[in-house]
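Values below: all heavy atoms of this structure, side chains included; hydrogens, waters and symmetry mates excluded. Throughout, a chain's letter reflects where its sequence line sits, starting with A, and its residues are numbered from 1.
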Amino acid sequence: MDATILHADLDAFYASVEQLLAPALRGKPIAVGGGVVLAASYEAKAFGVQSGMSGRNARQLCPQLIFVSGHFNEYQRLGDEAIQIVSDYTPLVERISIDEAFADVAGCTHLFGPPAEIARTIRRRVRTELGLPISVGVARTKHLAKIASQVAKPDGLVVVDPVSELDFLHDLPVGLMWGVGPVTQARLAEVEVRTIGQLAQMPGQSLERLLGSAAGEKLAALSWNRDPREIKTQRRARSAGAQAALGLEPAEQRIYRPALRHLADRIGTRLRARSLSGRTVSIRVRFANLRAVTRSVTFDTPIATTIVLAEIAEGLVRAVLAQYPRERKISLLAIQVSHLAKDESVQLDLPLGSSVMRGAADRAVDTIRERFGRESIGYGSVVLNSRGSVPDAFRELAEQELP
DNA sequence: TCTGGGGTCCTAGGACCC
DNA sequence: TCTGGGGTCCTAGGACCC
């Protein structure tokens, strides 16, 4: 089998877009965001600045760091255009996020040349047409292609020849593997496993004892480059959620009620726009000490109505707070809706009643927003504009396309 | 290094059914 | 009164990814 899987990944995407838009920022350490670093340029990463980090910490690591507020619409547009360039060569494209996609070019090499040639063309076009650096990995499997693009960064191309796959793979650190994060890495380090080759040498049983059966089995297979995953052009959303960091607020109804309504509103709008609804509603409450508790309920009938979602969530939050009476402050609230299903005939067979009225009210709000914008009507963002909050535009970028 | 917001998948225990 | 085994679903928590 040939190496026909490409993994294309825009480098330090948000930061690169900012440097593209403002040439004065090129070559300088910059961070998108303010209170929180949403993205960092390579120059900033060299100082240890990472996304997710608080702005204060980032500034400590890199005093000359330049903060810029994001051009979120540009991220969406340029991300779409980059993926479009990949799609010019094959319909088998699996978009992973705004700035990253897999592609299988097996069926189009007769038109465009060998995979490595296609990868070079994509990189050249993204550079000349969009002005952005993109790294590409080419290999026989998705996992290896993804690792290859990481190794290729920044602004590089790595092609893994099928005859030397294991030579390439086995010297690399385990942290490059899909599914190995800080916890797994630490557990492996305890048994002196640091490279993928060392992982491959571990007996399957001890690996499964260390990491659990699913993870152990998966990593064992990946370490020998056995990756059964195929390119999925369509993926089905399994949940939709929203969360808000509150800074630190009293655990009182006047705080959590409007916050939950706002979150329920965000989720409800997205679900209804796709005719989706979900049977399970989960909430998450994080206390002052960052300990988080989740509660969920599952119903026979699916839900997508804002006010129903909000009321269920509020009930769950109240139950949590009653269970932890000593926790007087909360730092985060979240709602998730899962067990999603497409609504075929939403209200048709429901008896007339309050839920129908509520659904109608939601659709009216949805319509008004389509016409006049999201801010024109709805639940105020009362508590949500406090310290830790992030622009709505950024949230929208993070949302997965619901099918 | 105490950190935002969007997700996916896995595990372990318990309820319940056959 | 004590006892099996398999399967499915739900819940709570956690690891991981971008």
Looking at A/Ser282, does any N or O in its side chain come under 4.0 Å of the phosphate oxygens OP1/OP2 on C/dT11? no
What is the distance from CG of A/Leu211 to P of B/dA12, rounded to the nearest Å? 12 Å
Starting at atom CD of A/Gln243, determine the distance to atom P of B/dT8, rounded to an integer number of angstrom. 14 Å
In terms of ring plane angle, is the pair A/His7 and A/Phe102 parallel, tilted or perpendicular, where the classes change at 30° and 60°? tilted
Quick one: label A/Arg279 by what it contacts on the DNA or RNA (base, sugar-phosphate, nothing), any heavy atom closer than 4.0 Å. sugar-phosphate
Spacing between A/His143 atom NE2 and C/dC17 atom P, to the nearest angstrom: 10 Å
Which part of the nucleic acid, if any, lies within contact of A/Arg286, taking any heavy atom under 4.0 Å across all strands shown: a base, the sugar-phosphate backbone alone, or nothing? sugar-phosphate
Would you check if there is a donor-acceptor pair between the side chains of A/Ser338 and A/Gln336 at a distance under 3.5 Å? no
Which nucleotide sits closest to the side chain of A/Thr298: C/dC18, B/dT1, C/dT11? C/dT11
Which nucleotide sits closest to the side chain of A/Ser97: C/dC10, C/dA15, C/dC18? C/dC18
Side-chain contact check for A/Thr294: nearest option of B/dT11, C/dA12, C/dC18 is C/dA12
Ignoring the backbone of A/Ala245, work out which of B/dT8, B/dG5, B/dG6 is nearest its side chain. B/dG5
For DNA chain C, what are the stems built from at least three Watson-Crick or G-U pairs in a row, each pair having both distances below 3.5 Å? B:5-18 with C:5-18
Is the ring pair A/Tyr75/A/Tyr14 parallel, tilted or perpendicular, if the boundaries are 30 and 60 degrees? parallel
Considering heavy-atom distances to DNA chain B, does A/Ser54 or A/Ala242 have its closest nucleotide positioned more toward the 5' end? A/Ser54
Can you check the A/Tyr14 OH to B/dG4 P distance for me, whole Å? 16 Å
Just checking, is any N or O donor in the side chain of A/Asn57 or A/Ser54 under 3.5 Å from an acceptor N or O on the other one? yes
Students often get this wrong, so: under 4.0 angstrom with heavy atoms, is A/Gly33 touching a base, only sugar-phosphate, or nothing? nothing
Please work out if A/Val293 contacts a base, only the sugar-phosphate, or nothing of the nucleic acid, heavy-atom cut-off 4.0 Å. sugar-phosphate
Atom CD1 of A/Ile98 and atom P of B/dG4 are separated, to the nearest Å, by 21 Å
Give A/Ala334 one of three labels, base, sugar-phosphate or nothing, depending on what nucleic acid heavy atoms sit under 4.0 Å from its own. nothing
What is the distance, rounded to the nearest whole Å, between atom CD of A/Glu94 and atom C1' of C/dC17? 13 Å
Taking side chain as C-beta onward, heavy atoms only, is A/Ile312 less than 4.5 Å from A/Ile335? no
Whole Å only: how far is the CG atom of A/Asn57 from the P atom of B/dT1? 7 Å
Contact nearer the 5' end of DNA chain B, comparing A/Ala214 with A/Leu61: A/Leu61
When the distance from CD1 of A/Ile267 to P of B/dG6 is rounded to whole Å, what number comes out? 8 Å
Have a look at A/Gly52 and say if it touches a base, only the backbone sugar-phosphate, or nothing, with a 4.0 Å heavy-atom cut-off. base
Candidate nucleotides C/dA15, B/dT8, B/dC2, ranked by approach to the side chain of A/Thr184 - the nearest: C/dA15
Salt bridge (charged side-chain N to carboxylate O under 4.0 Å, His left out) between A/Asp80 and A/Arg95, worked out: CA-CA 10 Å; A/Asp80 289 350; A/Arg95 189 169 185 176; 2.9 Å; yes
Picking from B/dG5, B/dT11, C/dA12, which would you name as closest to the side chain of A/Ser296? C/dA12
Look up atom CZ in A/Arg125 and atom CD1 in A/Ile134, then write down how far apart they are to the nearest 0.5 Å. 11.5 Å
Using the salt bridge (charged side-chain N to carboxylate O under 4.0 Å, His left out) rule, take A/Asp227 and A/Lys142 through it: C-alpha gap first, then chi angles, then the decisive distance, then the call. CA-CA 7 Å; A/Asp227 181 6; A/Lys142 285 169 80 173; over 6 Å; no
Counting side-chain heavy atoms from C-beta on, which of C/dT11, B/dT1, C/dA15 comes nearest to A/Arg187? C/dA15
Mind checking if A/Ser213 touches a base, just sugar-phosphate, or nothing, with heavy atoms under 4.0 Å? sugar-phosphate
Candidates C/dC18, C/dT11, B/dT8 - which lies nearest the side chain of A/Thr280: C/dT11
Indicate whether OP1 or OP2 belonging to C/dC10 is found under 4.0 Å from a side-chain N or O atom of A/His339. yes
Walk me through it: do A/Glu327 and A/Arg291 pass the test salt bridge (charged side-chain N to carboxylate O under 4.0 Å, His left out)? CA-CA 10 Å; A/Glu327 301 286 355; A/Arg291 196 174 112 76; 5.5 Å; no
If you check every side-chain atom of A/Arg295, which of C/dA12, C/dC18, B/dC10 has the closest atom? C/dA12
Choosing from C/dA12, B/dT8, B/dC10, which nucleotide comes nearest the side chain of A/Arg238? B/dT8
